[in-house]
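Following: one structure in structure tokens, then a few remarks.
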2 protein chains.
Amino acid sequence: MAEPGAGTPRERYRAQVRAEIKERAWEQIATAGASGLSLNAIAKHMGMSGPALYRYFAGRDELITALIRDAYRSLADTVRAAAEPGADVTAVAHALRAWALADPQRYFLVYGTPVPGYHAPDDVTTIASEIMATLLDGFAALPTDAPATRLDAHLEEHRQWADPHPAPPAALRRALAFWTRMHGVLSLELGGHFTGMGIDPAELFASELDDLLA
Amino acid sequence: MAEPGAGTPRERYRAQVRAEIKERAWEQIATAGASGLSLNAIAKHMGMSGPALYRYFAGRDELITALIRDAYRSLADTVRAAAEPGADVTAVAHALRAWALADPQRYFLVYGTPVPGYHAPDDVTTIASEIMATLLDGFAALPTDAPATRLDAHLEEHRQWADPHPAPPAALRRALAFWTRMHGVLSLELGGHFTGMGIDPAELFASELDDLLA
DNA sequence: AAGCTTGAGTTTGAGGCTATCACGAACGCT
DNA sequence: AGCGTTCGTGATAGCCTCAAACTCAAGCTT
């Protein structure tokens, strides 16, 4: 995004077409899910014929990988923006939920059913730890008087994932709990597992958040 | 399963072939995920030619629906078995985790990324409430001295999903929290989101369970 | 026991998809 | 202006789902 029109005209054009392909792909994913994504359909929709897209993405997998990367990036940016100085973890939680609700399939691209063979590229795990670092910032700033748990001991010895961050074990534990609990409610909500139960998922989400901060 | 060899010979044969198809389908799903399931491949693997399978399942969707139903049934049976009289919620939690780890793709067939168009048949929601009823049994038997929360009030007014069950609001709340939290840890674990972090998911799972029962 | 009915499994084929290849045409740099 | 790079095309191979027509055997009926 630095220098909007950078590079040679060819590179500009190429980047623009790639962007449009991804845009169409998102539309298709939103309505048919990731499994219903069709390069052919995207091409036709853009007025091109099938194989043309292979100039821009090596194949379906590479396109989906690019989309996953973008989704991760978008999530990390959203979380980071919500964690601006002064804001507490509650703001992050609500930003996360809003991000998920805005495009459920995008959420599931990141946290949904994994494809057995697929392995995420390295930069994605980098983004993931960026998200965790933001959470750690939030919880390290939050004092707690709860006694150390069994998990705290485990985390004290296995804290590679939080590596350069100085957060104490209790913060690590709470950040992890934040992550898993928010994800628990969100993925069930987006999966439609509460529909028909008469429950308001927002209340459940808020309750879990309260419990976490108590 | 009542009366192993029930019905006419034709029906027996039909049931047997249907069962074998589903068996092969599970193998395929375990290694390639639900999206990689191919009727054609199953047929070839069984020594038949493609379209023969359509005698037994109207199409790919119907086969997957049958698999989802079986997975739900299996989960409900597992949970119910673990909740035999005297056993507490801890046993249910560990049975749930063992069930999920035994076949991650089966777990994701139930709780994974939903296909936008797809709507589960009614009997599946029946099984889902059977599972919830078992959880409610467990938590209704568990005394708690915690004060009523905001969510308790909401649940008192929206308890259709627990309908004939006499559990108090606090039990409803804790059963829901059990469900969402266990799912939070499990789905992230099975999705491989902890790999590379150095964390033992079992510790995290146990910690969440402890916290829930404290 | 003979004949009719039912249903299993086959081949054929339409239509969709991913992906590869060779070709012509446009583009931009020198 | 010329030339190499890159884009887009059609053709093709190999998957897939699913519909239709046809063959054949097994089972029920009389």
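Proteins come first, then strands; the chains are lettered A, B, ... in the order of their sequence lines, and each starts at number 1. Source: prediction; values computed, not measured.
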Query raised in the report: Between A:W161 and A:S129, is any side-chain donor less than 3.5 angstrom from a side-chain acceptor?
Result: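 Short answer, no.
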Report task. Indicate whether any N or O donor in one side chain lies under 3.5 Å from an N or O acceptor in the other, for A:T90 and A:D88. Result ->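 Indeed, the side chains of A:T90 and A:D88 share at least one donor-acceptor pair under 3.5 Å.
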Query raised in the report: With a 4.0 Å cut-off, would you call B:D77 and B:R73 a salt bridge?
Result: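 Salt bridge: yes.
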Query raised in the report: Between B:P9 and B:G59, which has a closest nucleotide on DNA chain D that is more 5'?
Result: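 Result of the comparison: B:G59.
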Query raised in the report: Mapping B:T8 and A:M48 to their closest nucleotides on DNA chain D, which lands nearer the 5' end?
Result: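 So the residue in question is A:M48.
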Query raised in the report: Does A:Y13 place a side-chain N or O at less than 4.0 Å from the phosphate oxygens OP1/OP2 of C:dA26?
Result: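 Checking C:dA26 against A:Y13, no side-chain N or O comes under 4.0 Å of OP1 or OP2.
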Query raised in the report: Looking only at side-chain N and O atoms, does A:S49 come under 4.0 Å of OP1 or OP2 in D:dG10?
Result: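 Yes, A:S49 has a side-chain N/O under 4.0 Å of OP1/OP2 on D:dG10.
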[X] [atom1] to [N] [atom2], straight-line distance once rounded to whole Å:
X     : N      : atom1 : atom2 : result
A:L37 : C:dG16 : CG    : P     : 17 Å
B:F57 : C:dA8  : CZ    : C1'   : 15 Å
B:Y54 : D:dA21 : OH    : C1'   : 17 Å
B:E62 : D:dT17 : CD    : C1'   : 14 Å
A:E11 : C:dC27 : CD    : P     : 18 Å
A:H45 : C:dG16 : NE2   : P     : 16 Å
B:R10 : C:dA8  : CZ    : P     : 6 Å
B:L53 : D:dA19 : CG    : P     : 14 Å

Query raised in the report: Under the 6.0 Å and 45° cation-pi test, does B:R97 pair with B:F205?
Result: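 That pair qualifies as a cation-pi contact.
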With a non-hydrogen cut-off below 4.0 angstrom, is [X] in contact with a base, only sugar-phosphate, or nothing?
X     : result
B:R55 : base
B:R14 : sugar-phosphate
A:P51 : base
B:Y56 : sugar-phosphate

Query raised in the report: Taking B:H158 for the side chain and B:H154 for the main chain, is one N or O donor matched with an acceptor at less than 3.5 Å?
Result: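 Yes; judged by distance alone, with no hydrogens or angles, the pair exists.
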Query raised in the report: Quick one: on DNA chain C, does B:V17 or A:R60 contact a more 5' nucleotide (nearest heavy atom)?
Result: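 Its nucleotide being nearer the 5' end, the pick is B:V17.
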